[in-house]
Amino acid sequence: MNRTVYLNGAWLAEADAHVSIFDRGFLFADAIYEVTGVVNGKLLEYEGHSARLQRSMGELGLVCPLSPEELLGVHREIVQRNALSEGLIYLQISRGPADRDFAFPANPVPTLVLFTQAKAVLDNPKARTGISVALLPDLRWARCDIKTVQLLYPSMAKMEAARQGADDAWLVEEGFVTEASSASAHIITSDGVLVTRPLSQAILHGITRHSVLDLATTIGVAVEERPFSVEEAKTAAEAFITSATNFVLPVTQIDGQLIGDGQPGPLTLRLRELYIERKIASAI
Ligand code: PDD
């Protein structure tokens with residue numbers, strides 16, 4: 001690939017972009033990230049991603065060298081420079097290079113990186129079939145509300161899910177589903193109620209989750225924000241995940257058990273369609 005990436009104020013060919021071996025993102029995973037979807041060359045849900053980025057930085061005392069307005073400009077410019085019509089923009093900010101020490105450096109010089117991934121996010125074949133998920137223990141740290149680059153356990157969970165023949169993993173804490181390895185997890189009960197775990201430090205505060213809950217309420221679907229058990233998930237009428245990369249994606253099998261008739265649920269597909277339609281209309 002020959003992308004143009006952004007690194008600390010410079011636009012570089014990806015092969016020419018280098019970060020120090022002393023970068024705290026590399027040594028300590030002392031870094032946060034955001035992922036924004038792009039459709040028709042426009043940014044989806046940018047406001048939400050920008051707000052969460054500021055929150056993640058605040059929680060870790062990271063200071064971004066650019067203002068939110070400047071960051072928006074960089075997002076727009078990276079789309080143009082890569083002629084990105086459809087795909088994703090990844091942004092990462094680390095506390096920057098410093099001699100190895102657990103204590104934060106007194107005067108950090110953050111590293112700011114943005115890169116693109118061209119991808120057909122709309123026409124996802126899995127939206128037609130649904131995905132299968134394995135159930136795995138949630139062994140992540142206790143501040144999953146901060147979008148840090150500590151993604152080793154989610155990577156391990158995806159590998160274990162694949163080893164078990166599943167597409168992804170739903171993570172479980174004390175018998176209750178927290179979220180998917182890199183998406184929010186939701187079910188729909190036989191009474192048509194959308195159930196999703198409430199916001200806390202145990203899950204990422206998904207931007208797509210927030211919009212989909214709003215959307216569900218708008219179309220008259222009852223929403224309950226409460227923990228749901230593995231048993232409830234396996235016997236749900238429908239199940240789905242939400243994320244910037246997948247929008248609303250049906251889950252048709254949990255731990256080997258078919259959900260409903262094993263086909264993507266009608267309400268899930270309706271939410272996917274409406275979500276995509278509305279977010280494309282309001283993309284910037
Ligand atoms: N993942 N939960 C986790 C653990 C996530 O990593 C993500 C997003 C979400 C969904 O959040 P949002 O709707 O704001 O994308 C929930 C991104 C897409 C990733 O790591 O690639």
Side-chain angles (χ1 to χ4, degrees), residues 25 29 31-39 43-57 59 75 86-93 113-119 121-122 124 126 131 133-159 161 167-173 176-187 194 196-216 225 227 239-249 251 268 271-272 275-276 278-279 282-283:
I32 49 110
Y33 77 114
E34 267 304 325
V35 189
T36 304
V38 174
V39 171
L43 310 170
L44 301 176
E45 302 246 43
Y46 186 75
E47 209 179 309
H49 290 288
S50 170
R52 188 174 59 194
L53 176 71
Q54 300 301 325
R55 179 180 183 277
S56 293
M57 288 193 297
E59 292 299 306
H75 275 80
E86 196 178 322
L88 302 160
I89 300 175
Y90 287 81
L91 171 153
Q92 302 208 175
I93 303 175
V113 169
L114 279 87
F115 61 89
T116 54
Q117 267 184 0
K119 196 172 173 188
V121 283
L122 289 177
N124 182 348
K126 292 285 183 190
I131 61 165
V133 297
L135 294 172
L136 297 175
D138 192 342
L139 301 180
R140 301 173 301 167
W141 79 326
R143 288 302 308 273
C144 294
D145 57 312
I146 309 173
K147 199 164 171 63
T148 78
V149 302
Q150 297 183 61
L151 296 171
L152 182 55
Y153 187 70
S155 293
M156 291 168 71
K158 280 197 200 282
M159 295 304 289
D167 295 306
D168 199 357
W170 275 18
L171 306 177
V172 178
E173 190 184 74
F176 290 87
V177 175
T178 52
E179 54 187 335
S181 63
S182 62
S184 312
H186 319 268
I187 57 168
L194 195 169
T196 197
R197 194 176 174 106
L199 296 182
S200 70
Q201 295 183 348
I203 61 169
L204 186 73
H205 301 185
I207 304 306
T208 321
R209 170 192 183 280
H210 180 78
S211 293
V212 168
L213 296 191
D214 267 1
L215 192 57
E225 290 186 70
F240 61 97
I241 56 169
T242 56
S243 73
T245 45
N246 290 303
F247 307 138
V248 176
L249 195 65
V251 171
T268 300
L271 287 171
R272 176 180 174 85
Y275 175 83
I276 289 174
R278 293 190 186 193
K279 293 306 159 183
S282 61

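Ligands are counted one by one from 1 in listed order, and the atoms in each one are counted from 1 as well.
A salt bridge links Lys279 to Glu45: at least one charged side-chain nitrogen sits closer than 4.0 Å to a carboxylate oxygen. Between Arg140 and Glu173, no side-chain nitrogen of the basic residue sits less than 4.0 Å from a carboxylate oxygen of the acidic one, so the salt-bridge criterion is not met.
A distance of 11.0 Å separates CD1 in Ile241 from CD in Glu179, rounded to the nearest 0.5 Å.
Considering backbone and side-chain atoms alike, His205 places every N or O at 3.5 Å or more from each N or O of ligand 1. Of the polar atoms of Arg52, at least one N or O is found under 3.5 Å from an N or O of ligand 1, judged by distance alone. For a threshold of 3.5 Å applied to N or O pairs, the pair formed by Tyr33 and ligand 1 contains at least one separation below that value.
Contact annotation for Leu151 and ligand 1: no heavy atom of the residue comes within less than 4.0 Å of the ligand. Under 4.0 Å from ligand 1, heavy atoms of Ser184 appear from its side chain as well as its backbone. Using a 4.0 Å cut-off between heavy atoms, Leu204 contacts ligand 1 through its side chain alone, with no backbone atom that close. By the criterion of a heavy-atom distance under 4.0 Å, the side chain of Val35, and not its backbone, is placed next to ligand 1. Residue His210 does not touch ligand 1, judged by heavy-atom distances below 4.0 Å.
The protein atom (non-hydrogen) at minimum distance from atom 10 (C) of ligand 1 is Thr242 O, 3.7 Å. At the shortest separation from atom 2 (N) of ligand 1 among protein heavy atoms lies Glu179 OE1, 2.6 Å. Of all protein heavy atoms, the one closest to atom 13 (O) of ligand 1 is Thr208 OG1, 2.6 Å.
Here atom 7 (C) of ligand 1 lies nearest to Ser182 when heavy atoms of Gly48, Gly37, Ser182, Ser181 are compared.
Of the candidates Asn124, Val251, Asn246, Ile131 forms a side chain to side chain contact (heavy atoms under 4.5 Å, CB included) with just one, namely Val251.
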